[in-house]
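What you see below is based on every heavy atom in this structure, not just the backbone, and it leaves out hydrogens, waters and symmetry mates. Computed from a prediction, not measured in an experiment: that's the story for all the values here.
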Amino acid sequence: MTLSELENMRRQCLEEVAGAEGSAAVESLRVKYVGRNGLIPALIKAMKDVPKEERPAFGKAIQAWRAETEEALAAKAGSSAEESVEADLTLPGRWFDLGVEHPLSRVIAESAAIFGKLGFTVADGPELENRFNNFTALNTPAHHPSMDRSDTFWFGEDCLLRTQTSPVQIRAMMGNRPPVRVICPGRTYRRDTTDATHSANFHQIEGLYVDTLPEKPVSLADLKSVLAYFAREMMGDGVTVRFRPHFFPFTEPSVEVDFSCHVCKGRGCGVCKQSGWIEVAGAGMVDPRVFEHVGYDPSKVSGYAFGFGVERIAMIKYGIPDIRWLYENDVRFLSQLA
Ligand code: DAH
């Protein structure tokens, strides 16, 4: 046996494999060449008759040939298996995992549907805002102490990552005449360190309803009934709403909004920290100075506004203990909410 004879055998073998059709042909070539009694094992056994100094070259060539043949046979076997599967029309189809809607997207979509039934449309605004929309028009003058909490992420003098969705109120009023009835879901940014309940980047849903006076006065009672409806639709029957006095620069009067705890039905549990109530939003009657800033006559309009934290709603609705889980994209967590 010479190296060139070996090369001829190798070439013929690979040609036969390349030309094989169907799994039976592939199997018989496997037996013929690499099977226990096949040609290649026989040649390996015959190596003992090759002169000692030529053995390494022969050994190397045969091993390479065997690897190539096995690889070619495996590829052929795979493709002929696929062909026979494709030909079998009675087999079940391939299954694709569709994934699930992210809890934050779900809360936003459900909120849009709930407020949609009450006549609210969805308005959008940019995440990069100017000073006027994010602060000044919302009755927060430059250097006001309440800016400290959110005074960050500036891009030059007059552009920042919005600290709340409230600037979309300003855009909605400047772009429309009353009545204005919108919700504005979106991403917001804060000067916050991240822990189980805080994130420097989170989501809010703003709401605004403004109508004309004297025909259509808007009251705090209207606000309460709308939020009570939202609470029941979002969290389930029996969930009620309570207002606590608070301060926001852009509403007067201002309130913080609590939902009664949907887990313990108000009796007190770990979720509501034994209080029976969970804080979910800020709200109030639009301050006349905000109307002035957007060019509305405060004697001819009245309205309410509110702002929810989307993460907060998702965490209490789905029992999520750590806000960071919402951003980690871990399918073991997300798929549980399917
Ligand atoms: N923008 C407020 C915040 O981020 C939330 C808020 C409070 C929005 C009262 C409102 C409102 O529209 O009327 O803390």
Side chain to side chain donor-acceptor pair (under 3.5 Å) against Ser299, all qualifying residues, sequence neighbours excluded
Asp297
Excluding sequence neighbours, so at least two apart, what forms side chain to side chain donor-acceptor pair (under 3.5 Å) with Asn176?
none
Side-chain ([X]) to main-chain ([Y]) donor-acceptor, under 3.5 angstrom:
{"X": "Asp158", "Y": "Arg131", "value": "yes"}
{"X": "Thr188", "Y": "Thr165", "value": "no"}
{"X": "His102", "Y": "Leu326", "value": "yes"}

Per the side chain to side chain donor-acceptor pair (under 3.5 Å) rule, what does the pair list look like for residues 313-323, sequence neighbours excluded?
Glu110-Lys317, Asp322-Arg324
For residues 30-39, which residue pairs pass the side chain to side chain donor-acceptor pair (under 3.5 Å) check, not counting sequence neighbours?
Glu16-Lys32, Glu16-Tyr33, Glu27-Arg30
Considering all heavy atoms, the nearest [X]-[Y] contact:
{"X": "Tyr296", "Y": "Met173", "answer": "OH-O, 2.9 Å"}
{"X": "Phe120", "Y": "Leu208", "answer": "CE2-O, 3.7 Å"}
{"X": "Asn201", "Y": "Tyr189", "answer": "ND2-CE2, 3.8 Å"}
{"X": "Val301", "Y": "Leu213", "answer": "O-CD1, 3.4 Å"}
{"X": "Tyr327", "Y": "Leu104", "answer": "CE2-CD1, 4.1 Å"}
{"X": "Glu206", "Y": "Ser166", "answer": "OE2-OG, 2.9 Å"}

How many angstroms lie between CZ in Arg181 and CD1 in Ile183, if you round to the nearest 0.5 Å?
13.0 Å
Shared ILVMFWY cluster between [X] and [Y], side chains joined below 4.5 angstrom?
{"X": "Val122", "Y": "Tyr229", "value": "yes"}
{"X": "Val271", "Y": "Val310", "value": "yes"}
{"X": "Phe230", "Y": "Met235", "value": "yes"}
{"X": "Val107", "Y": "Leu337", "value": "yes"}

Under 6.0 Å from the CD atom of Glu5, do we count more than 12 heavy atoms belonging to anything else shown?
yes
Counting only heavy atoms from other residues, nucleotides and ligands, does the tally under 6.0 Å from NZ of Lys60 exceed 12?
no
Sort and list the pairs that fulfil ring-ring contact (aromatic ring centres under 6.0 Å, His included) and have at least one residue in residues 195-218, not counting sequence neighbours.
Tyr209-Tyr304
Under a 4.0 Å N-O cut-off, is there an ion pair linking Glu279 with Arg312?
no
State plainly whether the residues Arg11 and Glu7 are in salt-bridge range, i.e. N to O under 4.0 Å.
yes
Contact between [X] and [Y] at the side-chain level, heavy atoms closer than 4.5 Å - yes or no?
{"X": "Val218", "Y": "Val210", "answer": "no"}
{"X": "Arg171", "Y": "Glu129", "answer": "yes"}
{"X": "Thr163", "Y": "Arg191", "answer": "no"}
{"X": "Gln63", "Y": "Arg66", "answer": "yes"}
{"X": "Thr197", "Y": "Ile323", "answer": "no"}

Side chains of residues 283-293: which donor-acceptor pairs under 3.5 Å do they make with residues two or more places apart or in other chains?
residue, atom, partner, partner atom, Å
Asp287, OD1, Arg289, N, 2.9
His293, NE2, Thr136, O, 3.3

Only counting residues at least two apart or in another chain, list the ones meeting ring-ring contact (aromatic ring centres under 6.0 Å, His included) with [X].
{"X": "Phe259", "result": "none"}
{"X": "Trp325", "result": "Phe333"}
{"X": "His246", "result": "Phe248"}

Taking side chain to side chain contact (heavy atoms under 4.5 Å, CB included) as the test, write out the residues that go with Ala25, two or more places apart.
Ala20
Validation: residues 39-59 side-chain donor-acceptor distances under 3.5 Å, sequence neighbours left out:
residue, atom, partner, partner atom, Å
Arg55, NE, Met47, O, 3.4
Arg55, NE, Val50, O, 3.3
Arg55, NH2, Lys48, O, 3.4

Sorted by chain and number, sequence neighbours left out, salt bridge (Lys or Arg N to Asp or Glu O under 4.0 Å) with Arg177 holds for none
Is the gap between the ring centers of Phe115 and Phe306 under 6.0 Å?
yes
